[in-house]
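These figures come from a predicted structure and were not determined experimentally. The first residue in the sequence is number 1, and the count goes up from there.
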Amino acid sequence: MAIKKVMGTETEYGIFIRNSYDLDLISQCILVVNSYRPEQLCKLLWDYDLENPLVDARGFKVEGVVDTPSQKDNMALNKVLPNGARYYVDHAHPEYSTPECTNPRDVVIYEKAGEKILMISRHNANSILPRDQQILIYKNNSDQKGNSYGSHENYLMSRDTPFQRIKEKLIPFLVTRQIYAGSGKVGSENNTDEVDYQISQRADFFETDVGLDTMVKRPIINTRDEPHADREKYRRLHVIVGDSNMSEYTIYLKLGVTAIVLKMIEDDFIKKEPSLKDPVRALKDISRDPSCKLKVPLEDGRSLTAIEIQKIYLELAHSYFQGRALDPIEKDILDKWEYVLKELEYDPMQLDRHIDWIIKRHLITSYMSKKGCSWKDPRVLMIDLQYHDIREDKGLFYLLQKEGKVERIVREEEIIHAIDNPPQDTRAYFRGMCIKKYKNEVFGVNWDSISFNIGEQSIKRILMAEPLKGTKSHVYELIENSATARDLVNYLSS
């Protein structure tokens with residue numbers, strides 16, 4: 001039986017410094033990350049000892065050297081927050097990884113909390129820059145100069161599920177889900193065919209079906225085998241073929257539907273998937289068809305639209321849940337999945353309150369009609385960019401939200417609460433509460449461990465190999481009754 005789908009997202013933000021001639025973006029990213037409530041941040045290390053990004057899920061290890069930063073750089077680059085999230089510098093981008101969540105609604109809450117954390121960081125960083133300079137931050141996926149940065153998803157799966165099965169059953173789904181998960185993009189990049197507007201920001205940058213890399217020859221299925229949990233029991237499926245989304249509805253649907261499909265794969269319920277003849281070509285072609293009517297060739301000789309392929313998975317999901325427990329969020333996801341596919345088939349523009357690429361397209365075409373300009377107009381490119389501006393008083397998505405023109409999934413007060421408080425039903429609760437209560441004694445953190453410096457010769461590491469342990473119900477009283485980290489470690493060691 002499929003295991004509980006613990007999930008989360010990692011978002012690399014685009015950064016631009018107005019009126020700055022210093023091209024050292026890494027330093028500016030370090031400034032942003034370290035400007036977030038510096039009086040509350042722990043001075044700790046990110047524990048790289050338990051990580052190895054060169055292990056491949058296909059059963060081998062790629063040759064290479066994994067560079068780890070010095071202790072000083074480590075502390076500057078990495079922060080772990082009281083809500084259980086990781087906030088850090090990844091190459092030339094500030095990146096926010098949500099804490100582990102058990103459902104897509106919580107992912108929406110914590111991803112949106114991440115946007116507010118970036119806004120606080122940006123405000124604080126700008127206060128110490130020269131008056132004519134300003135940091136701008138965008139939740140998008142490319143700089144329109146050929147550089148792309150990611151929005152990744154992570155899903156806990158059983159180690160017993162063969163990776164080949166995951167690859168075969170998941171590729172057609174991931175290639176076609178962009179019709180409701182894409183963020184929309186004006187133009188093209190990476191030497192791909194020209195187009196006025198496309199569904200996905202990332203489709204131009206994928207070049208192969210399966211692989212380990214995330215920056216060169218990007219694969220539809222990433223094979224990194226870093227479970228951040230008990231390796232004998234779990235694998236972490238690292239999904240990199242997705243856009244950064246502004247719409248809560250889009251984030252919710254993307255994570256929720258993918259989790260359902262992965263449950264079906266784990267239970268070996270999908271016996272015959274609609275295998276694509278050329279998945280990479282199909283990814284790009286579907287992205288270039290906002291009508292969603294393009295048929296892509298399958299290996300069996302048929303041709304189907306992305307909607308038709310998604311309907312196959314939807315029908316399988318309905319059959320899968322006959323006789324199985326269906327929680328309220330899964331039911332809501334199925335209903336929304338069905339609704340969105342129906343509207344896409346009738347007229348995609350009917351979803352201009354729900355789905356990012358359609359919201360943005362409606363915004364741009366309305367402007368073009370009013371101003372009489374073309375897709376090549378620089379103002380159109382600026383609208384594309386401004387849609388992803390995280391400033392709530394300037395970003396076009398947030399202006400639409402303020403006017404009630406986009407659908408919401410969660411309440412604003414839930415997002416505010418999530419800035420400083422971890423989820424209660426995963427190990428993120430233990431991590432976040434330890435950061436809150438024992439921040440001066442925390443030495444190092446990883447997703448599956450936390451280490452304390454309690455004045456003894458050796459650092460005391462607590463392993464957290466089970467993502468569904470360390471929850472509030474498990475450890476609330478323990479933390480309440482442990483005045484110091486030493487008390488906590490002594491109790492856990494007894």
His318 atom NE2, neighbour heavy-atom count above 12 within 6.0 Å: yes
Other residues, nucleotides, ligands: >12 heavy atoms within 6.0 Å of Glu413 CD: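 It does: Glu413 CD has more than 12 such atoms within range.
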Aromatic ring pairing Tyr180/Trp337, orientation class (parallel under 30°, perpendicular over 60°, tilted between):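 Geometry flag for Trp337 against Tyr180: perpendicular rings.
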Geometric class of the Tyr438/Phe452 ring pair [parallel <30°, tilted 30-60°, perpendicular >60°]: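 Correct class here is perpendicular.
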Do the side chains of [X] and [Y] get close enough for a salt bridge, i.e. N-O under 4.0 angstrom?
X: Arg218; Y: Asp204; answer: no
X: Lys5; Y: Glu266; answer: yes
X: Lys116; Y: Glu392; answer: yes
X: Lys112; Y: Glu248; answer: no
X: Arg236; Y: Glu10; answer: yes
X: Asp356; Y: Lys254; answer: no
X: Lys185; Y: Asp243; answer: no
X: Lys233; Y: Glu466; answer: yes

Are [X] and [Y] side-chain neighbours, meaning at least one heavy-atom pair lies under 4.5 Å?
X: Asp143; Y: Tyr138; value: no
X: Ile415; Y: Val108; value: no
X: Ile135; Y: Ile17; value: yes
X: Tyr48; Y: Pro69; value: yes
X: Pro423; Y: Asp425; value: yes
X: Leu77; Y: Ile30; value: yes
X: Arg122; Y: Leu136; value: yes
X: Gln310; Y: Phe173; value: yes

Worked verdict on Asn140 versus Ser244 for side-chain hydrogen bond (donor to acceptor under 3.5 Å, both in side chains): CA-CA 6 Å; Asn140 67 346; Ser244 294; over 6 Å; no
Candidate list Tyr88, Tyr96, Tyr87, test side-chain contact (heavy atoms from CB on, under 4.5 Å), partner Val33, passing option: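 That would be Tyr87.
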Given Arg324, Glu330, Lys4, Met157, the one that forms side-chain contact (heavy atoms from CB on, under 4.5 Å) with Lys263: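 Considering Arg324, Glu330, Lys4, Met157, a side-chain contact (heavy atoms from CB on, under 4.5 Å) with Lys263 is found only for Glu330.
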Steps toward side-chain hydrogen bond (donor to acceptor under 3.5 Å, both in side chains) verdict (Glu115, Tyr398): CA-CA 11 Å; Glu115 291 179 35; Tyr398 275 114; 2.3 Å; yes
Derivation and outcome, salt bridge (charged side-chain N to carboxylate O under 4.0 Å, His left out), residues Asp225 and Arg231: CA-CA 9 Å; Asp225 191 6; Arg231 178 173 289 276; 3.2 Å; yes
Residue pair Ser127, Asn124: steps toward the side-chain hydrogen bond (donor to acceptor under 3.5 Å, both in side chains) verdict: CA-CA 5 Å; Ser127 69; Asn124 292 343; 5.4 Å; no
Check: His354 ring centre within less than 6.0 Å of Tyr339 ring centre: yes
side-chain hydrogen bond (donor to acceptor under 3.5 Å, both in side chains) between Arg235 and Thr161, worked out: CA-CA 9 Å; Arg235 72 168 74 250; Thr161 308; 5.8 Å; no
